A.B. asks: 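Below is a structure I'd like to ask you about.
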Amino acid sequence: MTAQIIDGKALAARIRANIASEVTDLHARLGRAPGLATVLVGTDPASQTYVRSKHKACNQAGIQSFAYELPATTSQAEVEALVEDLNANPEVDGILVQLPLPKGLDEEGVLSTIHIDKDVDGFHPINIGRLNMKGRPPLFVPCTPAGVIEMLDATGVTISGADAVVIGRSNIVGIPVAALLRNRDATVTVCHSRTRDLPEKVRRADIVVAAIGRPEMIRGDWIRPGAVVIDVGINRIEDAQSPTGSRLVGDVAFEEARQVASAITPVPGGVGPMTIAMLLQNTLTGFKRTHGL
């Protein structure tokens with residue numbers, strides 16, 4: 001068996017094209033396009049890259065974007081004051097504070113300041129709380145977990161009744177994606193660095209979501225034949241054969257796993273493009289909710 005490759009680039013491109021078409025129509029009808037504001041504190045290179053890519057995607061979809069860059073020395077009160085200003089700005093339908101924040105800033109305090117109606121990252125404590133409660137859907141679902149579910153649906157796999165293993169318990173991916181799978185009636189096991197007999201737990205899974213941040217940790221012989229594997233990990237490793245001396249790999253040993261799984265995401269080109277597509281979708285959703293659509 002050789003796995004179907006779940007092409008995140010192609011799926012994200014289709015979603016973004018649909019968003020762009022809807023934005024064009026809404027702009028013509030309402031006289032305004034949706035607006036996304038990003039807040040970047042400090043000069044972390046990876047964060048700067050992520051934010052630039054989000055603004056580029058907004059521009060391509062016809063969504064307004066507003067960039068706010070603050071020095072790492074910015075105080076908690078100053079960051080929260082900016083967020084409050086954006087809460088009150090009618091041109092802004094979504095607010096994204098790029099994580100991680102510099103040391104000394106209270107991440108939860110900043111995220112709690114974002115108005116729940118503009119929490120397009122889905123990290124407000126109320127949105128996360130509702131996500132983890134039965135029958136109380138959040139206003140927004142975190143972008144990467146939402147992308148994971150879209151990719152699973154694209155494979156045609158039946159989530160309801162499936163045994164799913166999520167490897168990783170971060171607030172950004174592991175915890176919310178486990179909640180989403182549970183809300184779709186999967187039986188979910190969340191594993192982490194302290195989990196005993198991890199390979200055996202993974203071997204029982206129909207669906208594997210790897211988000212532990214360790215390069216190629218999940219080996220091919222851990223995968224149940226026919227399982228669907230979603231690899232959220234992005235890790236840079238040394239590679240003397242590469243012109244740059246390094247390459248990106250996921251948390252799953254891709255070449256091994258693709259011989260066993262029924263479907264698998266590549267790294268790069270898998271989950272990454274879906275995260276931005278879901279951010280644009282959430283921004284459009286916020287805009288439509290504001291206008292009662």
Side-chain angles (χ1 to χ4, degrees), residues 34-42 44 46-51 53-55 57-58 63 65-70 74 76 79-87 89 92-133 136-150 166 168-183 190 192 209 211-213 232 234 271-272 274-287 289-290:
L36 173 69
T38 63
V39 178
L40 175 63
V41 186
D44 178 73
S47 292
Q48 289 176 326
T49 299
Y50 294 148
V51 169
S53 65
K54 291 165 184 174
H55 285 281
C58 283
I63 293 174
S65 61
F66 311 95
Y68 296 86
E69 298 185 7
L70 305 175
T74 303
Q76 182 82 17
V79 177
E80 292 182 7
L82 171 58
V83 171
E84 290 287 14
D85 286 344
L86 297 173
N87 284 336
N89 187 337
V92 173
D93 302 290
I95 302 169
L96 183 152
V97 177
Q98 183 65 43
L99 303 178
L101 292 171
K103 290 182 179 179
L105 292 178
D106 176 12
E107 181 178 293
E108 183 176 355
V110 172
L111 296 179
S112 297
T113 305
I114 299 171
H115 195 287
I116 190 171
D117 288 328
K118 297 190 178 187
D119 175 39
V120 289
D121 243 353
F123 293 148
H124 190 286
I126 292 177
N127 272 325
I128 289 294
R130 291 177 68 94
L131 181 64
N132 281 277
M133 298 177 75
R136 298 186 184 178
L139 293 183
F140 298 102
V141 173
C143 302
T144 299
V148 168
I149 300 300
E150 287 282 342
V166 177
R169 52 180 171 174
S170 72
N171 290 331
I172 294 174
V173 179
I175 290 174
V177 83
L180 287 169
L181 288 165
R182 188 179 64 245
N183 292 342
V190 178
H192 45 78
V209 179
I212 200 165
V232 184
I234 301 178
V271 176
M274 291 297 296
T275 297
I276 292 182
M278 294 298 98
L279 174 63
L280 301 182
Q281 185 67 66
N282 279 354
T283 303
L284 176 57
T285 297
F287 175 81
R289 187 181 289 124
T290 298

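Only a predicted model underlies this, so the values are computations on that prediction, with no experimental measurement involved.
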A.B. asks: Does some side-chain heavy atom of N171 sit less than 4.5 Å from a side-chain heavy atom of I128?
C.D. replies: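 They are not in contact (no side-chain heavy atoms under 4.5 Å apart), so the answer is no.
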A.B. asks: Nearest 0.5 Å please: distance from the CG atom of L105 over to the CD atom of Q76.
C.D. replies: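 Reported to 0.5 Å precision, the distance equals 5.5 Å.
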A.B. asks: Quick one, L82 with T74, criterion side chain to side chain contact (heavy atoms under 4.5 Å, CB included). Give me CA distance, side-chain angles, the key distance, then yes/no.
C.D. replies: CA-CA 11 Å; L82 171 58; T74 303; over 6 Å; no
A.B. asks: Answer yes or no: is there a donor N or O on one side and an acceptor on the other, between the side chain of R169 and the main chain of G174, under 3.5 Å?
C.D. replies: no
A.B. asks: Evaluate side chain to side chain contact (heavy atoms under 4.5 Å, CB included) for V148 paired with M274, printing each intermediate quantity in order.
C.D. replies: CA-CA 8 Å; V148 168; M274 291 297 296; over 6 Å; no
A.B. asks: As an exercise, state the distance from CG of L180 to CG of N132, rounded to the nearest 0.5 Å.
C.D. replies: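 Result: 9.0 Å between the selected atoms.
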A.B. asks: Side chain to side chain contact (heavy atoms under 4.5 Å, CB included) between L139 and T285: does it pass, once the steps are laid out?
C.D. replies: CA-CA 9 Å; L139 293 183; T285 297; over 6 Å; no
A.B. asks: If I compare all heavy atoms of G35 with all of T283, which pair ends up nearest, and what's the gap?
C.D. replies: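 Residues G35 and T283, closest heavy atoms: O-CG2, 3.8 Å.
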A.B. asks: Can you spot which of I212, V166, V232 makes a side chain to side chain contact (heavy atoms under 4.5 Å, CB included) with V173?
C.D. replies: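 Answer to the side chain to side chain contact (heavy atoms under 4.5 Å, CB included) test with V173 among I212, V166, V232: V232.
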A.B. asks: Has E108 got more than 12 heavy atoms of other residues, nucleotides or ligands less than 6.0 Å from its CD?
C.D. replies: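 Not more than 12 within 6.0 Å, no.
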A.B. asks: To the closest 0.5 Å, what do you measure between CG (D121) and CD1 (I172)?
C.D. replies: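 D121 atom CG to I172 atom CD1 measures 8.0 Å (nearest 0.5 Å).
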A.B. asks: Got T144 and M278 here, is their nearest side-chain heavy-atom distance under 4.5 Å?
C.D. replies: no
A.B. asks: Hey, what do you get for CD1 (I63) to NZ (K54), rounding to the nearest 0.5 Å?
C.D. replies: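 Between I63 CD1 and K54 NZ, I get 13.5 Å after rounding to 0.5 Å.
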A.B. asks: Are I149 and L181 close enough that some pair of their side-chain heavy atoms sits under 4.5 Å apart?
C.D. replies: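 Yes, side chains in contact.
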A.B. asks: I'd like to check L279 versus L36 (side-chain heavy atoms, cut-off strictly below 4.5 Å). Are they in contact?
C.D. replies: yes
A.B. asks: Is any side-chain heavy atom of L131 less than 4.5 Å from a side-chain heavy atom of N183?
C.D. replies: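 Heavy-atom side-chain distance check passes, below 4.5 Å.
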A.B. asks: So, for A57 and L280, which heavy atoms are closest and what is the spacing to 0.1 Å?
C.D. replies: O-CD1, 3.9 Å
A.B. asks: Measuring only between side-chain heavy atoms, which start at C-beta, is L111 closer than 4.5 Å to L99?
C.D. replies: yes
A.B. asks: Does the D119 side chain pair with the main chain of I114, one donor and one acceptor, at a distance under 3.5 Å?
C.D. replies: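 No; judged by distance alone, with no hydrogens or angles, the pair does not exist.
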A.B. asks: Are any of the side-chain heavy atoms of Y68 and L86 separated by less than 4.5 Å?
C.D. replies: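 Y68 reaches L86 side chain to side chain.
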A.B. asks: Within a radius of less than 6.0 Å around OH of Y50, do more than 12 heavy atoms belonging to other residues, nucleotides or ligands occur?
C.D. replies: no
A.B. asks: I need the minimum non-hydrogen distance between S170 and P176, along with the two atoms involved.
C.D. replies: O-CD, 3.8 Å
A.B. asks: F140 and I116: which non-hydrogen atoms are nearest, and at how many Å?
C.D. replies: CE1-O, 3.6 Å
A.B. asks: Rounded to the nearest 0.5 Å, what separation is found between the OG atom of S112 and the CD atom of E107?
C.D. replies: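 So the OG of S112 and the CD of E107 are separated by 10.0 Å.
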A.B. asks: Would you name the heavy atoms of L70 and V39 that are closest together and state the gap between them?
C.D. replies: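 That would be CD1-CG1, 4.2 Å.
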A.B. asks: Taking the side chain as every heavy atom from C-beta outward, state whether H55 and T38 have any pair of such atoms under 4.5 Å apart.
C.D. replies: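 Yes, their side chains come closer than 4.5 Å.
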A.B. asks: Yes or no on side chain to side chain contact (heavy atoms under 4.5 Å, CB included) for D117 and T290, after CA distance, side-chain angles and deciding distance?
C.D. replies: CA-CA 8 Å; D117 288 328; T290 298; over 6 Å; no
A.B. asks: If you take all heavy atoms of N282 and V141, which pair is closest and at what distance?
C.D. replies: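 In terms of heavy atoms, the two residues are closest at ND2-O, 3.1 Å.
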A.B. asks: Got a second to check how far M133's CE is from I126's CD1, nearest 0.5 Å?
C.D. replies: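 The CD1 atom of I126 is 11.0 Å from CE of M133, to the nearest 0.5 Å.
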